[in-house]
Amino acid sequence: MNTEETAPGKHFIRQIIERDVRSGKWSGRVVTRFPPEPNGYLHIGHAKSVCLNFGMAAEYGGTCHLRMDDTNPVKEELEYVEAIKEDVRWLGFDWGEHFHYASDYFEQMYKYAVELIRQGNAYVCALSSEEWKDYRGIPEKPGMESPHRNRPVDENLELFSMMRAGEFPDGAMVLRAKIDMGSPNLHMRDPVLYRILKAKHPHTDGVWCIYPTYDFAHCLEDSIEGITHSLCTLEFEVHRPLYDWILDKLGIHHPQQIEFARLNMTYTVMSKRKLINLINEGYVDGWDDPRLPTVRGMRRRGVTPASIRNFCERIGVTKYDSLTDTALLEHFIRDDLNRHATRALAVLNPVKLIIENYPEDEEEEFDAVNNPESPDAGTRKIPFGRELYIEREDFMEDPPKKYYRLAPGREVRLRYACLITCTGVKKDEVSGEIEKIYCRWDPDSRGGGAPDGRKVKGTIHWVSARHAGEADVRLYDRLFNVEEPGADNGEDYLTHINQDSLRTVKAKVEPSLMNAAAGSHIQFERLGYFYADHVNSKPGKPVFNRTATLRDQWAKKGQ
RNA sequence: UGCCGGAUGGUGUAACGGUAGCACAGCAGACUCUGAAUCUGUGAGUCUAGGUUCGAAUCCUAGUCCGGCAACCA
């Protein structure tokens, strides 16, 4: 069918699904789900799962549900629900009619629990969590059976209904599955199915005081929704026997749980705890800080949904842990933005340039290409005059051999404008800092072409001093200066914070930039990709966040 | 020290008993009104030891190393 040679190989989950579709298992249906717990914002690791679940469904003509896994009332908040929906939608996915809450199934789950009790496969246990530690035992040694393990069915039924009725305090009793206290898998040693939690649930609001645990709830949620392939991360592998056990005992629709490795990336942290800490301790400004790997953060930085999707496709899906180079994400960001970002001229670190042989009162306009990758984007006019700003880094008094920007006596091209030759500089008498650079232009090079075909190696960007606007530009860099800041699981990551992860500068920008639409992606030529911050940027007072720098061979040479 | 997973260039991955390939990163060059993009070339890999086989990254055995599991979290 697909003969594309460059297509990535089929990862193991794709293979399983394809095999199932072909064999007619589930009558060829594919139903997946993305089941976040609404107690935090989504990050790039979640995005991998979102892309996988929605991607597989789309690829095989199936559906993917978005489900709030809200089985723990004390940890969840409503504010996250809308944020999660917004993030998933922004990533480019649509759950159609299938937005669900696990808590909507509580009544059904309760009935399944009763069924398990009737079968003799679950019992009410009054051991405290402290006591249970001893009973459960350790991996190397079998546990002991609870003294309540053989409670008669009728008594269990009675007690369980009393639990529901709120007749016991928190923690007084739990419902346990009766499985095997000798199992080498701790999760099979009579795991808790229900606990008493007299807390107000944000979604069911006071109806319940007992709540199902993840292990009991999750397989039932999947079953009730008719999920076919339940994709989750590696740490749930040891839970799979329990997932299967519950569904088998109940004899209901039984999806296949498949585990894959979660995403790790260099120079960042992904754990919710660490992310919260960075915010609370003021290292960053909030969940949507552009330095964070959160979906909202990336969005504010100017990362596009397409680049995230492409990235997630390229990193593949495996069953072993890995550490993905942030450079790979950056590649897809540049790849997308190169094709779609409008070009503009902006000077981040300005120094005055004066064209001696250009009349003081004169000015003119030059045509500039909006996007060389997309001719349809057209051109625009940029004003030019005797006094300009250029980038301080684009001039050197005493340049090394391979430097082909401006220097005394050297000729360069002003992008889209003309050729100039440097005639001298004026420095501050005390500091020695260069205040002004002088040059002469070649009027025959109007528009930037070389009249006699002479080769001019360097082209630099500029902005007319008289017409320049001023804009706040935030230069973001990686948040940590080591590849694996979270390697040692303590608080060590805080010592690896990059103190220079944000620098704000006042940039001189071409006039068109002053009215940049909030939310637009722009390439500042020769500098990088920038994003008109949808939170802070206003017409007339733009604020740009640097999404990524352009690749820079000169910088790599170490200069 | 019990159980469950896993191991392919610097990084992410493919190959499903038949020439170890792709992408990123690196390096070199071409082109260029962005030191960008594009194009070309290039170095670099099957954890170890045995075995099966005409042939092993792939199958078997043993070992090494890595990850996960002892919440009434998910």
- Query: What does A:Thr71 touch in the nucleic acid at a heavy-atom separation under 4.0 angstrom: a base, only the sugar-phosphate, or nothing?
  - Reply: sugar-phosphate
- Query: What interatomic distance, in whole Å, is found between C1' of B:rC22 and the corresponding atom of B:rG17?
  - Reply: 22 Å
- Message: Is the distance between the ring centroids of A:Tyr112 and A:Phe216 under 6.0 Å?
- Response: no
- Check whether the side chain of A:Lys457 and the base of B:rU32 form a donor-acceptor pair under 3.5 Å. yes
- Query: Base, sugar-phosphate, or nothing for A:Tyr529, non-hydrogen atoms under 4.0 angstrom?
  - Reply: nothing
- Task: Quick one: label A:Arg189 by what it contacts on the DNA or RNA (base, sugar-phosphate, nothing), any heavy atom closer than 4.0 Å.
- Result: nothing
- Item | Rounded P spacing from B:rA15 to B:rA7 in Å | 12 Å
- Can you find a side-chain donor-acceptor pair between A:Ser512 and A:Glu510 that sits under 3.5 Å? yes
- Query: Is there a donor and acceptor pair, one atom on the side chain of A:Arg334 and one on the base of B:rC24, closer than 3.5 Å?
  - Reply: no
- Message: Would you measure the distance from the C1' atom in B:rU61 across to the matching atom in B:rA74 and give it in whole Å?
- Response: 39 Å
- Check whether NZ of the Lys or CZ of the Arg A:Arg546 lies under 6.0 Å from the centre of the six-membered ring of A:Tyr529 and within 45 degrees of that ring's axis. no
- Is A:Arg478 positioned over the aromatic face of A:Tyr267, cation under 6.0 angstrom from the ring centre and no more than 45 degrees off axis? yes
- Task: Verify whether one side chain among A:His239 and A:Asp215 offers a donor that lies under 3.5 Å from an acceptor in the other.
- Result: yes
- Task: Determine: side-chain N/O of A:Arg551 to OP1/OP2 of B:rG26, distance under 4.0 Å, yes or no.
- Result: yes
- Item | Minimum-distance nucleotide to A:Arg136 side chain [options: B:rA70, B:rA74, B:rU34] | B:rA70
- Task: Classify the side chain of A:His187 and the base of B:rA71 as holding, or not holding, a donor-acceptor pair under 3.5 Å.
- Result: no
- Query: What integer number of Å spans the P atoms of B:rU58 and B:rA20?
  - Reply: 13 Å
- Note on the structure: Ranking B:rG12, B:rA37, B:rA70 by distance to the side chain of A:Ile138, first place goes to B:rA70
- A:Ile333 CD1 to B:rA37 P: how many Å, rounded? 14 Å
- Message: What's the closest nucleotide to the side chain of A:Arg526 if the choices are B:rA37, B:rA25, B:rU34?
- Response: B:rU34
- Task: Please work out if A:Arg415 contacts a base, only the sugar-phosphate, or nothing of the nucleic acid, heavy-atom cut-off 4.0 Å.
- Result: base
- Message: Is it the case that the base of B:rU34 and the side chain of A:Arg343 share a donor-acceptor contact (distance under 3.5 Å, atom types as modelled)?
- Response: yes
- Do A:Trp554 and A:Tyr404 have ring centroids that are under 6.0 Å from one another? no
- Message: Need one value for A:Pro36: base, sugar-phosphate or nothing, where a base atom within 4.0 Å counts as base even if backbone is also close, heavy atoms only.
- Response: nothing
- Task: Would you mind classifying the nucleic acid contact of A:Leu127 as base, sugar-phosphate or nothing, using non-hydrogen atoms under 4.0 angstrom?
- Result: base
- A:Tyr105, A:Tyr194, A:Phe106 screened by ring-ring contact (aromatic ring centres under 6.0 Å, His included) with A:Tyr211, the one that passes: A:Phe106
- Query: With centres under 5.5 Å and planes under 30°, do A:Tyr214 and B:rA74 count as stacked?
  - Reply: no
- Item | Any A:Gln553 side-chain N or O less than 4.0 Å from OP1/OP2 of B:rU32 | no
- When you compare B:rA25 with B:rA37, how far apart are their P atoms, in angstrom units rounded to a whole number? 8 Å
- Message: Of the options B:rG35, B:rC72, B:rU11, whose atoms approach the side-chain atoms of A:Ser129 most closely?
- Response: B:rC72
- Which part of the nucleic acid, if any, lies within reach of A:Phe332 when heavy atoms closer than 4.0 Å are counted: base, sugar-phosphate only, or nothing? nothing
- Task: Remember a base hit wins even if backbone is also touched, and classify A:Leu323 as base, sugar-phosphate or nothing at under 4.0 Å, heavy atoms.
- Result: sugar-phosphate
- Task: Please work out if A:Gln523 contacts a base, only the sugar-phosphate, or nothing of the nucleic acid, heavy-atom cut-off 4.0 Å.
- Result: base
- Reading nucleotides 1-9 of chain B from 5' to 3' and marking B where a protein heavy atom lies under 4.0 Å of the base, S where only the sugar-phosphate is that close, and - otherwise, the string is -BSSSSS--
- Message: B:rC22, OP1 or OP2 - any side-chain N/O from A:Arg314 closer than 4.0 Å?
- Response: no
- Query: Where does the angle between the aromatic ring planes of A:Trp132 and A:Tyr135 fall among parallel (under 30°), tilted (30 to 60°) and perpendicular (over 60°)?
  - Reply: parallel
- Query: Hey, does A:Gly448 reach any base, or is it just sugar-phosphate, or nothing, if we go heavy atoms under 4.0 Å?
  - Reply: base
- Task: Kindly assign one of parallel, tilted or perpendicular to the pair A:His521 and A:Tyr531, based on the angle between their ring planes and the thresholds 30° and 60°.
- Result: tilted
- Query: For RNA chain B, whose closest nucleotide is more 5', that of A:Val456 or that of A:Asn338?
  - Reply: A:Val456
- Task: Can you run through RNA chain B from 5' to 3' and write each base as (, ), [, ], | or . depending on how it pairs? Watson-Crick or G-U wobble, both distances under 3.5 Å.
- Result: .((((((..((((....[..)))).(((((.......)))))....(((((..]....))))))))))).....
- Using atom C1' of each nucleotide, how far apart are B:rA71 and B:rC66 to the nearest Å? 26 Å
- Using the P atom in both, what is the distance from B:rA44 to B:rC4, to the nearest Å? 40 Å
- Phosphate oxygens OP1/OP2 of B:rU13: is one of them under 4.0 Å from a side-chain N or O of A:Thr318? yes
- Task: Quick one: label A:Glu330 by what it contacts on the DNA or RNA (base, sugar-phosphate, nothing), any heavy atom closer than 4.0 Å.
- Result: nothing
- Relative to each other, are the rings of A:Trp287 and A:Tyr41 parallel, tilted or perpendicular (30° and 60° limits)? tilted
- Distance only, no hydrogens: is a donor on one side chain within 3.5 Å (strictly under) of an acceptor on the other, for A:Thr326 and A:Thr266? yes
- Message: Using a heavy-atom cut-off of 4.0 Å across all strands, would you classify A:Leu550 as base, sugar-phosphate, or nothing?
- Response: base
- Query: Side chains of A:His461 and A:Glu525: donor-acceptor distance under 3.5 Å anywhere?
  - Reply: no
- Item | Touch class at under 4.0 angstrom, heavy-atom based, for A:Tyr194 against every strand present | nothing
- Task: May I ask you to evaluate whether A:Thr213 reaches the phosphate of B:rA74, defined as a side-chain N or O under 4.0 Å from OP1 or OP2?
- Result: no
- Query: Is the distance between the ring centroids of A:Phe12 and A:Phe260 less than 6.0 Å?
  - Reply: no
- Where does B:rA30 land, syn or anti, given syn is within 90° of 0? anti
- Message: Using OP1 and OP2 only, check whether a side-chain N or O of A:Lys556 sits under 4.0 Å from B:rG26.
- Response: yes
- Task: Using the closest heavy atom to pick a nucleotide of RNA chain B for each, name whichever of A:Gly458 or A:Thr324 lands nearer the 5' end.
- Result: A:Thr324
- Give A:Gly143 one of three labels, base, sugar-phosphate or nothing, depending on what nucleic acid heavy atoms sit under 4.0 Å from its own. nothing
